[in-house]
Colleague: 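Before I ask anything, let me first share the structure, which is written out below as structure tokens.
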Amino acid sequence: MADWWDADGRRHRKQFSNAPAAREHEHRETALAHAERASREMKLAARSSGGKKARAETNHGTNHGTMEPAKGKLGVMIPGMGAVATTFVAGVEAIRKGLAKPIGSLTQMGTVRLGKRTDGRSPKVKEFVPLAGLDDLVFTGWDIFEDNMYEAASNAGVLDYRLLEQLKPFLSSVKPRAAVFDHNYVKKIDGPNVKKGKTKMDLAEQLRDDMRDFKKTSGASRLITMWCGSTESYIEPTEAHQSVKAFEKAMRENDEMIAPSMIYAYASLMEGVPFANGAPNLTVDLPVMLELSRKNEAPICGKDFKTGQTLMKTVLAPAFKARLLGLSGWYSTNILGNRDGEVLDDPGSFKTKEESKLGVLEHILQPGLYPELYGNIFHKVRINYYPPRGDNKEGWDNIDIFGWLGYPMQIKVDFLCRDSILAAPIVLDLVLFLDLAKRCSELRGLGIQEWLSFYFKSPMTAPGLYPEHDLFIQLMKLKNTLRHLKGEELITHLGLEYYD
Ligand SMILES: NC(=O)c1ccc[n+]([C@@H]2O[C@H](COP(=O)([O-])OP(=O)(O)OC[C@H]3O[C@@H](n4cnc5c(N)ncnc54)[C@H](O)[C@@H]3O)[C@@H](O)[C@H]2O)c1
């Protein structure tokens, strides 16, 4: 009998009669665990809310469900046309024109190994699964400011002026639609390009009209919504978020616990359009959105792009755990001077971001399992708005670890990164993978796309399931999901067969 998992995703261990049997089992189990997890969790997610599409048995040679081809244009709709959104759209256009390379994008540059190491089969991701091509992407967006994408990109100051000049006609043609906005949720900014409506339901209807209009005018055959708007003030779920019925009633009553990002998400899911959340806001991380997503077969994922400091954290922390090095403290501080930094200077917005950044260590290090190593960690995250740096963030980490016999050591990381340069390829991959999920019979009814955890600081999971934060487990989960969908064998890294 192997280990088993209960309905809450907890693992139960088999008891072994002797140590060699236990070691033998452990050896096989670690290699297989990652591979099996992707399909098991998809099954779990489907089962936990009624399970209409669970066909996630471990596969060997069977195609799982159908994947419709990526025919026609894919319309990308972006609430929030700021630094990330413009760097992404400008980047796509620069790549299409042959002016730059899609560095950092798994869908464009990554490969998937298939079969044995000796088989020599490693197709590009974009050749392995039917993704939309970059030439088929068309864009629209909403913002509280009236700047078109060229003006917004120039203001964001991320991309070089000479590159932007070459893209000017295209970028100038993407103009923001009027936003659904509430200053109470983003205290540091205000702008003129905002929709008016008697109730939040009216505003949702206006957004749905925008979506239909964009689909018609752009000729897109499919749509996707990617939240790149500001971080909203911290809130916790209430009764209003527990079901579609309660949420719709609350929208008609202008319940203040319904944030603007939720209105975009509702509109999108009602239109059957997948929604990705790049900010740490609750947005789709709510029972109402899961219900809508599953009902309308509009996949969701989030939240908060994993770009700079948290990317480093989810690489280093697994290494400490792998080597059983203890951790006593991790102090992270950032300075950044873009508009995102300004918004995060407000305590309400910062709290939302802080929650998203803090969860990572606990889930990776599992203090419950390793109390002597990780039971007493001081973890602090700071973000300081410092205008001279613009989008070029500096993230410092001071890490206090301890080793053999408890001897202390320190690690210092100083990441001089570019926030939006790190975020843009994530946006591209999410757009293409969420569109794939929508075209894939096995994925589109699942709601949360946990296989996309790789891209998020605070990955969404099925209710009751803890998130996987380790970057390399996340990558394995993602690639094994692609293998699974195509009926290829999952890669376990067991490798004993090479020594038979
Ligand atoms: N850049 C990164 O590395 C990174 C990483 C993780 C998360 N994020 C998140 O991504 C989001 C975008 O980051 P950015 O650097 O582009 O910020 P930004 O401030 O440059 O852009 C956000 C834009 O959203 C607009 N906006 C705010 N509320 C809106 C609404 N309700 N409707 C429409 N537009 C609205 C603002 O006017 C602004 O133009 C932020 O929430 C940020 O926290 C960014």
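Sequential numbering from 1 along the given sequence is applied to the chain's residues. Atoms within a ligand are numbered from 1 in the order they appear, just like the ligands themselves.
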Colleague: Salt bridge or not for Glu253 and Lys249, using N-O below 4.0 Å?
Modeller: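 A salt bridge links Glu253 with Lys249.
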
Colleague: Should you measure from each heavy atom of Ala279, which atoms of ligand 1 turn up under 4.0 Å away?
Modeller: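 Once the distances to Ala279 are compared, the set is 41 (O).
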
Colleague: Are Asp419 and Lys393 ion-paired here, with the side-chain N under 4.0 Å from a carboxylate O?
Modeller: yes

Colleague: I'd like to know whether ligand 1 has Lys393 as a neighbour, heavy-atom separation below 4.0 Å.
Modeller: no

Colleague: Determine, for Asp435 against Arg222, whether the closest basic-nitrogen to carboxylate-oxygen distance falls under 4.0 angstrom.
Modeller: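 Yes, charged N to carboxylate O under 4.0 Å.
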
Colleague: Using distance alone, decide if ligand 1 has a nitrogen or oxygen within less than 3.5 Å of any nitrogen or oxygen in Val180.
Modeller: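 Yes - when backbone and side-chain N and O of Val180 are compared with those of ligand 1, one distance drops under 3.5 Å.
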
Colleague: Would Pro280 count as being in polar contact with ligand 1, using the rule that some N or O on each side must be under 3.5 angstrom apart?
Modeller: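 No, there is no polar N/O contact under 3.5 Å.
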
Colleague: For ligand 1, which atoms sit closer than 4.0 Å to a heavy atom of Val84?
Modeller: 1 (N), 13 (O), 14 (P), 15 (O), 16 (O)

Colleague: Verify the neighbour count for atom CD of Gln242: are there more than 12 heavy atoms of other residues, nucleotides or ligands below 6.0 Å?
Modeller: yes

Colleague: Tell me whether Arg177 is salt-bridged to Asp213, with the criterion being a basic N under 4.0 Å from an acidic carboxylate O.
Modeller: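 Salt bridge between Arg177 and Asp213, a charged N being under 4.0 Å from a carboxylate O: yes.
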
Colleague: Please state which option from Ala178, Cys228, Gly229 has its nearest heavy atom closest to atom 41 (O) of ligand 1.
Modeller: Gly229

Colleague: Hey, is Asp470 close enough to Lys313 for a salt bridge, meaning N to O under 4.0 Å?
Modeller: no

Colleague: Backbone or side chain, does any N or O of Glu232 fall under 3.5 Å from an N or O of ligand 1?
Modeller: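 No; every N/O pair is 3.5 Å or more apart.
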
Colleague: On the six-membered ring of Phe170, is Arg96 placed so that its NZ or CZ lies under 6.0 angstrom from the centre and within 45° of the ring axis?
Modeller: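 Yes - Arg96 lies over the ring of Phe170, closer than 6.0 Å to its centre and within 45° of its axis.
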
Colleague: Which ligand 1 atoms are under 4.0 Å away from a heavy-atom of Trp142?
Modeller: 33 (C), 34 (N)

Colleague: For ligand 1, does Lys306 get within less than 4.0 Å through its side chain, its backbone, both, or neither, judged by non-hydrogen atoms?
Modeller: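 Neither; nothing of Lys306 gets under 4.0 Å from ligand 1.
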
Colleague: For atom 4 (C) of ligand 1, tell me which residue out of Thr307, Thr87, Asp143 has the closest non-hydrogen atom.
Modeller: Thr307

Colleague: Under 4.0 Å from any heavy atom of Phe145, which atoms of ligand 1 are there?
Modeller: 37 (O)

Colleague: State whether the side chain of His241 and the backbone N or O of Met257 hold a donor-acceptor pair below 3.5 Å, judged by distance alone.
Modeller: yes

Colleague: Using non-hydrogen atoms of the residue, decide whether Gly278 is closer than 4.0 angstrom to ligand 1.
Modeller: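 Per 4.0 Å heavy-atom rule, Gly278 contacts ligand 1.
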
Colleague: Which atoms from ligand 1 have a heavy atom of Ala179 less than 4.0 Å away?
Modeller: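 Counting from 1, the qualifying ligand atoms are 32 (N), 33 (C).
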
Colleague: Which heavy-atom pair separates Ile335 from Arg389 by the least distance, and what is that distance?
Modeller: CD1-NH1, 3.8 Å

Colleague: Taking the non-hydrogen atoms of Thr231, is any one of them nearer than 4.0 angstrom to ligand 1?
Modeller: yes

Colleague: What atoms of ligand 1 come closer than 4.0 angstrom to any heavy atom of Asp304?
Modeller: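 With Asp304 as reference, the close atoms of ligand 1 come out as 6 (C), 7 (C).
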
Colleague: Please determine if Val186 has a nitrogen or oxygen closer than 3.5 Å to a nitrogen or oxygen of ligand 1.
Modeller: no

Colleague: Pairs of donor and acceptor atoms involving the side chains of residues 223-230, under 3.5 Å and at least two apart or interchain, shall be tabulated with distances.
Modeller:
residue: Thr225; atom: OG1; partner: Ser268; partner atom: OG; Å: 2.8
residue: Trp227; atom: NE1; partner: Gly229; partner atom: O; Å: 3.1

Colleague: At less than 4.0 angstrom from any non-hydrogen atom of Ile144, what atoms of ligand 1 do you find?
Modeller: 37 (O)

Colleague: Between Glu450 and Lys477, is there a salt bridge with N-O shorter than 4.0 Å?
Modeller: yes

Colleague: Provide the number and element of each atom of ligand 1 under 4.0 Å from a heavy atom of Gly82.
Modeller: 16 (O), 20 (O), 21 (O), 23 (C), 39 (O)

Colleague: When you measure from atom 32 (N) of ligand 1 to each heavy atom in Trp227, Tyr264, Phe181, Tyr455, which option holds the nearest one?
Modeller: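 Looking at heavy atoms only, the winner is Tyr264.
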
Colleague: Examine distances only and state if a side-chain atom of Asp429 and a backbone atom of Thr107 form a donor-acceptor pair shorter than 3.5 Å.
Modeller: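 At least one qualifying donor-acceptor pair exists.
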
